[in-house]
There are 2 protein chains.
Amino acid sequence: MIIPSRKPPPATPQTAAVVSILALKSHCTSCTMRELCLPVGLDRDALRQLDELVTTRVRLKKGETLYRPGDAFSALYALRLGSCKTTVLAEDGREQVAGYHMLGDVIGMDGIGAGYHGSQAVALEDSEYCVLPFDELENLGRSIAPLQHNLHQFLSREISRNHSLMLQLGSMRAEERLAAFLVNLSQRYRERGYSSIEFVLRMTREEIGSYLGLKLETVSRLFSRFQQEGLIQVQGRSVILLDVSALKQLLGQRC
Amino acid sequence: MIIPSRKPPPATPQTAAVVSILALKSHCTSCTMRELCLPVGLDRDALRQLDELVTTRVRLKKGETLYRPGDAFSALYALRLGSCKTTVLAEDGREQVAGYHMLGDVIGMDGIGAGYHGSQAVALEDSEYCVLPFDELENLGRSIAPLQHNLHQFLSREISRNHSLMLQLGSMRAEERLAAFLVNLSQRYRERGYSSIEFVLRMTREEIGSYLGLKLETVSRLFSRFQQEGLIQVQGRSVILLDVSALKQLLGQRC
DNA sequence: CGACTAGTTGAGGCCAGTCAATGTTGGTGG
DNA sequence: CCACCAACATTGACTGGCCTCAACTAGTCG
């Protein structure tokens, strides 16, 4: 609620150096992520106008940064390929993962309010982003009501997502948090047409721990225990969910 | 990240019963909270149009509910008088406070994405809310760019606020969390023209604990300790901050 | 191959939770 | 106005879940 967001304007250098800008047009019209992304439900005419707006893509290698705290906010980014994490930093340098993002996710939304980013986005693997210049997006939203509404929905869902995470961090035990994490990943992979029971984690134990407010050793121990109990099969970053309903029960959720 | 937001539509009864609807026009034009609230920076003409939209207010007594999880989403609410908390519920009934809100705050934003509320808003004292019908607000936003932008900023700031809270919940120790809580309240009281060093808490120890992911006994002990250390003076819900900079240092510090 | 990063596992400690007893406050009705 | 009660708050003693520290293994890459 406090610290990182109200910082004075950019002290940090802009991060354009590490990214490759592609002047290719990235047609929403033909994008496979269209129905998961901001253009969801738009008609052909609206899609064409949105295409006009998305003139650049950014490509990041694993570990590279899309934006940092303090960078001027100018655009939202739609994740087109690969995956990334967003992290927030405390004043003393402590860092916490605030989200893991995959295809169709829109990131950077925390920058609108302050005019500069309060968080950081780092690629977990080689990845690609459509740049949505925010001024133009607002302009276009004023003429295309469904686009405007989609934007509002994306902003709102980010809030809901954060609420769930806050609930996990504030009132769940370690094993419940990890179960929630796995079930959530599972659902999102399914939505994107991937296997919901077998996937490869893109992040380290430490990053998972950071996201869940746990230490890496705790995460590791829990993976081992879940495996022992027959809930999952885990081998490094490869995970197979053997008993999804048991995992869901762990969080108090009825399937 | 998971549980409460993706529920099926309303099972819960609508909450209109407990609230008093006032058909009074609540003029943004003359509202003292104007510069903290959604109309911030709007010109006279825009203000007048916004006035047209805000046709009703809701008045709640302490403990009454503005909306519940599952209630159909139709409007945002601008807090005009008093204060309230918003809470999120896990499936097993566990409840966690997600935010404390005061004059000028806009609440209900988590409902846009799903079409129904995922959280609950409960009055901490007798309070009053301007009802902002969301469809109409979107419409108006399409003709008044600054209003549209303000809405986006409010949505975005809610995200930033959540990020800070996540950071607290995930990586701070109990004393740091409470210090952060007090400093944050202090800042918000100042912004609203109240004393930033002397105020009365509107919530119980248990509610503070719920917000910070702590138990009420822990909160109580910390208040006592802070007092012993000369950081604050506390008497029930009355708090005086004696050493704000020491409190701020507590959040920056890694022990 | 060595250096490095990531992951696993064990031992022990500490912070915050739990349980319990007691004190305080504020609202209500006699 | 005061007595009463219930809700809220404080404090102590003890427990336990997660953290810390540490040793070791597995996999990767120059």
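Throughout, a chain's letter reflects where its sequence line sits, starting with A, and its residues are numbered from 1. None of these values were measured; they are calculated from a predicted model.
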Review item, side-chain donor-acceptor pairs of residues 227-239 of chain B, under 3.5 Å, at least two apart:
unit_1: B:Q227; atom_1: OE1; unit_2: B:V234; atom_2: N; d: 2.9
unit_1: B:E229; atom_1: OE2; unit_2: B:R225; atom_2: NE; d: 3.4

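For the residue pair B:D243 / B:S245, a side-chain donor-acceptor distance below 3.5 Å is found, with atom types taken as modelled.
Residue contacts for B:T204: at a heavy-atom cut-off of 4.0 Å it reaches the sugar-phosphate backbone alone, with no base atom in range.
We find that A:R161 and A:E158 are joined by a salt bridge, their nearest charged nitrogen and carboxylate oxygen being less than 4.0 Å apart.
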Do any N or O atoms of the protein come closer than 3.5 Å to N or O atoms of nucleotides 25-30 of chain D, and which pairs are they?
none

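Here the side chain of A:D126 pairs a donor or acceptor atom with the backbone of A:K62 at under 3.5 angstrom. Of the possible polar contacts, none joining the B:D110 side chain to the A:H163 backbone as a donor-acceptor pair under 3.5 Å is found. In this structure a side-chain-to-backbone donor-acceptor pair under 3.5 Å is present from B:S210 to B:V97. Between the side chain of B:D105 and the main chain of B:M102, a donor-acceptor pair closer than 3.5 Å is present.
Sorted by first and then second residue, the salt bridge (Lys or Arg N to Asp or Glu O under 4.0 Å) pairs involving residues 193-202 of chain B (not counting sequence neighbours) are B:E125-B:R202.
When ring centroids are compared, A:Y100 and A:Y211 come within the 6.0 Å threshold.
A:Y77 and A:Y67 have parallel rings, their planes meeting at less than 30° on a 0 to 90° scale where 60° marks the start of perpendicular.
For A:E206, there are no salt bridge (Lys or Arg N to Asp or Glu O under 4.0 Å) partners, not counting sequence neighbours.
When the P atom of C:dA6 is taken as reference, atom CZ of A:R237 falls 7 Å away, rounded to whole Å. When the C1' atom of D:dT11 is taken as reference, atom CZ of B:F223 falls 16 Å away, rounded to whole Å. Between the C1' atom of C:dT5 and the CG atom of A:L124 lies a distance of 16 Å, rounded to the nearest Å. Rounded to whole angstrom, the span from the CZ atom of A:R205 across to the C1' atom of C:dG7 amounts to 7 Å.
A sub-4.0 Å separation between OP1 or OP2 of C:dT9 and a side-chain N or O of A:S224 is present.
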> How does protein reach along nucleotides 15-21 of chain C, written 5' to 3' as B (base within reach of a heavy atom under 4.0 Å), S (only sugar-phosphate), or - (no contact)?
Replying inline: SSSBB--
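Comparing the start and finish of the helix from C:dC1-D:dG30 to C:dG30-D:dC1, five pairs each, the helix axis swings through 40°, to the nearest 10 degrees.
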